[in-house]
Amino acid sequence: MTQAHRTAAPADLILAWYDRHHRDLPWRVSPPMAARGVTPDPYRIWLSEVMLQQTTVGAVKSYFALFTSRWPTVSDLANADTEDVMKSWAGLGYYARARNLKKCAEAVAFQHGGVFPDTEDGLKTLPGIGDYTAAAIAAIAFNRKSAVLDGNVERVISRLHAIETPLPAAKPEMRTLVAAMTPADRPGDFAQAMMDLGATICTPRRPACALCPLNADCRVLGREDPELYPRKAAKKEKPVRLGAAFVAEDETGAVFLRKRETSGLLGGMTEVPGSAWTARIDGETGTAAAPFPAEWQASGTVTHVFTHFELRLTVYRSKISRIADAGEGWWQPKETLDGEALPTVMKKAIKQAIPDAFQKARKA
DNA sequence: AAGTCGGGGCC
DNA sequence: GGCCCAGACTT
C-alpha cells in the first residue's frame, strides 16, 4: 500500500488532534499529565460524569470544586448527610442525580470496599450510572475499550456517516460505528477527544469544518448542510401550567419554607408553599392554597421553563407574626437562605416577593 | 418507545 | 423564542 493512497485511521487523526487541542478541565488527566505519571481518580471521573449529564461544562465547574472540596473521596460522600448533598446540588438541576449520587457512593463505599467496579457491566449496576456513564468511566478511568456515545459523539458520528435514521432510533447503529472506531491503545483519550471535537469543532450550529481532523472523511461536508445532522424526531410542544406561590415573612425577616416529596419533580428539595400546578388557563390563581390565613399581596409573576412544561407562578407575599400552627415547615432566617436546598424556580419566587432575599449568585 | 426530570447559555 | 447540553429512569 503506497503512502499516497493510505489515509490515517480516524482514531489516529482524532488522537493527534486531541494531543494538540485538548481542553484542561478540573477532572481531566490530560496527555501531558499522564506522561508525568498522573492517573485518573475514578471518584472524580464518576462525579464529573454524573454532573455533566445533560449539563454544560461551564455550569458544572463550581459544583465540582465544591463537592471535591467537601467530600474528597467516595467514602466521605457516602458518610455525608443527604440533606447537605441536596443543598450543595441546589441549582444544578435534575435532582434525581443527587439522590442517586448519594446511593451510588454508599454502594461503592459499603458494598464494594470503597473501590469502583472497573468494568462497564459492573458500573452499570450502580444507581445513576447508565449506558453512557458506564462506558465513559470504564474508558476514562480504567482504560477499557468501551464505546462512549453522548450527544457530542452522536453529532460527530451522524455527520461523519451521514446517518439518515433519526435519534433516538439511530443510537444502536451509532454505537456500533463508535465501537468500530475506538482504538485499543488510548480508549479514554479517544472518548474525551470525540466529545471535545463535538463540543468545540463539530458544534450544533456553524461547525468549524475547516479545522476538523476528520473533514476529509466526512460524508456530509461538501454535500449538505452539517446542521441538518443528526436527524431528530419531531418534538412536541410544551404545555403551560399555572400556580401560586406564597412567600411569608415574619417579624424577624425569616421566610416560611417546607420540604417537597422525595420523588418526582424537584424531589427532596425545599420550596415555599404553593398551589398545585394545573394545566387550566381559565380562572384566576387565587389564594385558596395559602398555607395559613394572612394578608396575601400579589407581587407579580415568575415564569420558569422545565423540560416538559412551562410554569407561570403568581407570587403572593405577606408579613405576619410567626404563628404557632403554620403546618409542616419551618421559618428560615433570610441571611441563611443561600445555603438552603432551593431549586432555581423557588429562588425566583422568593426574589420576586423579597428582592434582596439573597446575597448574590454563586459564581465560578 | 414515550414520558419524566432543571437549568443556563447561545443564537 | 427555540435549541442544546459528557442521560437515567420509569412505564
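Predicted, not measured: the structure shown is a model, and the values here were computed from it.
Rounded to whole angstrom, the span from the CZ atom of Phe309(A) across to the P atom of dA2(B) amounts to 22 Å. The CE-C1' distance, from Met195(A) to dC5(C), rounds to 13 Å in whole Å. Note: NZ (Lys61(A)) to C1' (dG8(B)) measures 15 Å, nearest angstrom. Between the CZ atom of Phe64(A) and the C1' atom of dA6(C) there is a distance of 13 Å, given to the nearest Å. For the pair Tyr18(A) OH and dA6(C) P, the interatomic distance rounds to 14 Å; values are reported in whole Å. Tyr95(A) has its OH atom 17 Å from the C1' atom of dA8(C), to the nearest Å. One atom, OH of Tyr94(A), and another, P of dT4(B), lie 12 Å apart when rounded to the nearest Å. The separation between Leu101(A) atom CG and dA6(C) atom P is 19 Å, rounded to whole Å.
Comparing atom distances between the His304(A) side chain and each of dA6(C), dC4(C), dG6(B) picks out dG6(B) as nearest. Residue Asn152(A) places its side chain closer to dA6(C) than to any other of dG6(B), dG7(C), dA6(C). Closest to the side chain of Gln54(A), out of dC3(C), dA6(C), dG7(C), is dG7(C). Counting only heavy atoms from C-beta on, Pro343(A) has its side chain closest to dG7(B) among dC4(C), dA8(C), dG7(B).
In this pair, Trp46(A) and Phe116(A) present their aromatic rings tilted. The plane angle is within the 30 to 60° band. Using cut-offs of 30° and 60° for the angle between ring planes, the Phe306(A) and His304(A) rings count as perpendicular.
Applying the 3.5 Å distance criterion, the base of dG9(B) shares no donor-acceptor pair with the side chain of Thr56(A). Put simply, the side chain of Thr55(A) and the base of dG6(B) share a donor and an acceptor less than 3.5 Å apart.
Looking only at side-chain heavy atoms (C-beta outward), Phe309(A) and Trp277(A) come within less than 4.5 Å of each other.
Other residues, nucleotides and ligands contribute at most 12 non-hydrogen atoms within 6.0 Å of the CD atom of Glu328(A).
Between Pro168(A) and Phe306(A), the residue whose closest nucleotide on DNA chain B is further toward the 5' end is Pro168(A). Across the interface with DNA chain C, nearest-nucleotide mapping of Trp27(A) and Leu126(A) shows Trp27(A) to be the residue nearer the 5′ end. The nearest heavy atom of DNA chain B to Leu265(A) and to Lys236(A) marks one nucleotide each, and the one closer to the 5' end goes with Lys236(A).
Between Arg155(A) and dC5(C) there is a side-chain N or O to OP1 or OP2 distance below 4.0 Å. In this model, the phosphate group of dG3(B) is not approached by any side-chain N or O of His308(A) to a distance below 4.0 Å at OP1 or OP2. Proximity of Thr133(A) to the phosphate of dA8(C): a side-chain N or O atom is located under 4.0 Å from OP1 or OP2. An OP1 or OP2 oxygen of dG8(B) is reached within less than 4.0 angstrom by a side-chain nitrogen or oxygen of Thr344(A). OP1 or OP2 of dC4(C) sits under 4.0 Å from a side-chain N or O of Lys235(A).
Rounded to whole Å, the separation between the P atoms of dG9(B) and dA8(C) comes to 24 Å. For the C1' atom pair drawn from dG7(B) and dT10(C), the interatomic distance equals 22 Å after rounding to whole Å. Straight-line distance between the P atoms of dC5(B) and dA6(C): roughly 23 Å, to the nearest whole Å.
Residue Gly267(A) is classed as having no contact, given no heavy-atom separation below 4.0 Å to the nucleic acid. The residue Arg260(A) sits apart from the nucleic acid: no heavy atom pair falls under 4.0 Å. Counting any heavy atom pair closer than 4.0 Å across all strands shown, Ile129(A) reaches sugar-phosphate atoms only and no base atom. Among the heavy atoms of the strands lying under 4.0 Å from Leu25(A) is at least one base atom, whether or not backbone atoms are also near.
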For this session: Begin from the C-alpha positions of Glu224(A) and Arg231(A) and carry the test salt bridge (Lys or Arg N to Asp or Glu O under 4.0 Å) through to its verdict.
Result: CA-CA 13 Å; Glu224(A) 280 183 275; Arg231(A) 312 290 200 199; 3.5 Å; yes

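Atom CZ of Phe358(A) and atom NZ of Lys334(A) lie 10.5 Å apart (nearest 0.5 Å). Here CG of Asp76(A) is found 7.0 Å from OH of Tyr43(A). Values are rounded to the nearest 0.5 Å.
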